[in-house]
Amino acid sequence: MRRFPIGLIYFIALITVTSCISNEKIIYLQNQEGETPIEDGELVTYEIPEYKLQYNDIIDVNIQTVDDMIQNGFNNKAMGGVSAQMGNVASQSGGDIYYMTGYTVDNEGKIRLPIVGEVVVKDKTLEEARIAIEEKLRVYVTTELYVKVKLGGIRYSAIGEFRRPGKFVVLQDRMTIFEAIANAGDLTTVAKRSDVLLIRQYPEGTKLHRIDLLDRKIVESPFYFIQPNDQIYVEPMKVRETGTGENTAQSLALIFSGISAMALILNLIK
């Protein structure tokens with residue numbers, strides 16, 4: 001019986017060890033060496049800067065007078081039924097409900113409301129935008145007035161090594177980067193979690209930020225919560241370039257397939 005070369009055994013072991021992706025490269029929120037650890041159960045405080053409206057944002061403006069409240073109730077149930085129906089259609093078609101019903105901030109930083117006309121909302125918080133809209137309405141309405149202004153959801157793009165990349169709209173006011181990743185199906189095994197590119201819009205332009213999802217300190221960073229129109233790009237690891245397996249089983253399968261192919265070629269040559 002032919003003995004298996006010991007050198008080949010060492011070679012297979014070396015390739016297997018070096019080609020697999022270790023858990024340290026895929027586990028989120030680790031305490032990194034050399035940094036003050038954040039213990040489980042420890043309270044992490046943070047300040048969320050109040051978002052200021054920018055170009056291409058979509059806001060939902062709900063205006064009610066006393067007559068509206070008497071007729072439809074304080075919860076505006078008539079409008080809520082319509083919004084629910086449109087929301088179901090939008091979710092089934094992959095569309096954006098507020099694209100049709102909301103007000104888009106134009107390149108001059110304005111929205112255009114019926115009767116009232118143009119209102120400047122760029123660089124304003126939602127509360128400041130509400131006050132500006134209400135002041136415009138006071139010219140036409142003398143009774144009690146209720147104005148509610150909300151963002152038309154959080155729009156963001158997930159690009160690169162996501163299991164389900166694409167553009168998403170989430171109808172909520174606040175969202176962490178891990179919620180955004182989960183919404184896109186999580187990252188693939190070969191995703192480079194330690195060097196994620198976050199492209200964020202600011203009133204003065206666009207900035208590119210590098211963040212490390214493996215580091216637990218991210219919960220203290222200003223990038224823990226995503227903002228409307230954020231773009232998250234994740235590059236692949238080198239293992240994707242070399243074509244080796246994502247785990248030991250895949251690596252061994254590739255190695256033995258290569259060995260079998262080489263043995264077949266040598267037998268044919270002989």
Nearest-0.5 Å distance, [atom1] of residue [X] to [atom2] of residue [Y]:
{"X": "I154", "Y": "L171", "atom1": "CD1", "atom2": "CG", "value": "9.5 Å"}
{"X": "M175", "Y": "I181", "atom1": "CE", "atom2": "CD1", "value": "10.0 Å"}
{"X": "T101", "Y": "I58", "atom1": "OG1", "atom2": "CD1", "value": "8.5 Å"}
{"X": "I177", "Y": "L198", "atom1": "CD1", "atom2": "CG", "value": "5.5 Å"}
{"X": "Y224", "Y": "K217", "atom1": "OH", "atom2": "NZ", "value": "14.5 Å"}
{"X": "N107", "Y": "N56", "atom1": "CG", "atom2": "CG", "value": "10.0 Å"}

Fellow cluster residues of I131, listed by chain then number, with links counted only when side-chain atoms sit under 4.5 Å apart = none

message = If you count heavy atoms of other groups shown closer than 6.0 angstrom to NZ of K52, is the number above 12?
response = no

message = Under the criterion side chain to side chain contact (heavy atoms under 4.5 Å, CB included), I'd like the reasoning laid out for I226 against T176: C-alpha separation, chi angles, the key distance, then a yes or no.
response = CA-CA 6 Å; I226 69 168; T176 70; over 6 Å; no

request  = Using the side-chain hydrogen bond (donor to acceptor under 3.5 Å, both in side chains) rule, collect all pairs that involve residues 228-237, keeping only residues at least two apart or in two chains.
outcome  = D57-N229, R200-D230

I59 and L53, any side-chain heavy atoms less than 4.5 Å apart = yes

inquiry  = Is the shortest side-chain heavy-atom distance between L137 and V147 below 4.5 Å?
reply    = yes

request  = Mark yes or no for whether S221, through its side chain, and F223, through its backbone, hold a donor-acceptor pair below 3.5 Å.
outcome  = yes

ask   = Under 3.5 Å, is there a donor-acceptor pair between the side chain of R216 and the main chain of I38?
value = yes

Does one hydrophobic cluster hold both [X] and [Y], with members joined at side-chain heavy-atom distances below 4.5 Å?
{"X": "Y55", "Y": "Y51", "answer": "no"}
{"X": "L197", "Y": "I159", "answer": "yes"}
{"X": "I218", "Y": "V44", "answer": "yes"}

I'd like a table of donor-acceptor pairs (distance under 3.5 Å, sequence neighbours excluded) in which one partner is a side-chain atom from residues 111-125, with atom names and distances.
| residue | atom | partner | partner atom | Å |
| --- | --- | --- | --- | --- |
| E118 | OE1 | K110 | NZ | 3.4 |
| T125 | OG1 | E128 | N | 3.2 |

note = In terms of heavy-atom contacts, S157 and K167 come closest through OG-CG, 3.9 Å

remark   = Closest heavy-atom pair, A184 versus A158, reported as atoms and distance to 0.1 Å, is CB-CB, 3.8 Å

Identify, with sequence neighbours excluded, every residue that meets side chain to side chain contact (heavy atoms under 4.5 Å, CB included) alongside [X].
{"X": "P37", "value": "N31, E39"}
{"X": "Q32", "value": "Q30, E35, D212, L214, D215"}
{"X": "T142", "value": "none"}

key: For Y103, ring-ring contact (aromatic ring centres under 6.0 Å, His included) partners two or more places apart   = none

query = Taking only residues two or more places apart in sequence or in another chain, which ones pass ring-ring contact (aromatic ring centres under 6.0 Å, His included) with F162?
reply = none

message = Is there a side chain to side chain contact (heavy atoms under 4.5 Å, CB included) between K207 and I199? Walk through the geometry before answering.
response = CA-CA 6 Å; K207 292 183 181 180; I199 306 169; over 6 Å; no

query = For L213 and L187, what are the C-alpha separation, side-chain angles and deciding distance, and is it a side chain to side chain contact (heavy atoms under 4.5 Å, CB included)?
reply = CA-CA 11 Å; L213 299 177; L187 299 176; 3.9 Å; yes

inquiry  = Under the ring-ring contact (aromatic ring centres under 6.0 Å, His included) definition, can you give me all pairs with a residue in residues 164-191, not counting sequence neighbours?
reply    = Y28-F178, Y156-F168

Chi angles and distances behind the side chain to side chain contact (heavy atoms under 4.5 Å, CB included) call for L151, D60 = CA-CA 6 Å; L151 275 173; D60 178 39; over 6 Å; no

request  = Indicate whether any N or O donor in one side chain lies under 3.5 Å from an N or O acceptor in the other, for E161 and T188.
outcome  = yes

Salt bridge (charged side-chain N to carboxylate O under 4.0 Å, His left out) contacts in which one or both residues fall within residues 176-197, not counting sequence neighbours = D195-R210

ask   = With sequence neighbours left out, which residue pairs that include part of residues 143-152 fulfil the salt bridge (charged side-chain N to carboxylate O under 4.0 Å, His left out) condition?
value = K150-D173

Partner residues of E134 under the side chain to side chain donor-acceptor pair (under 3.5 Å) criterion, sequence neighbours left out = R130, R138

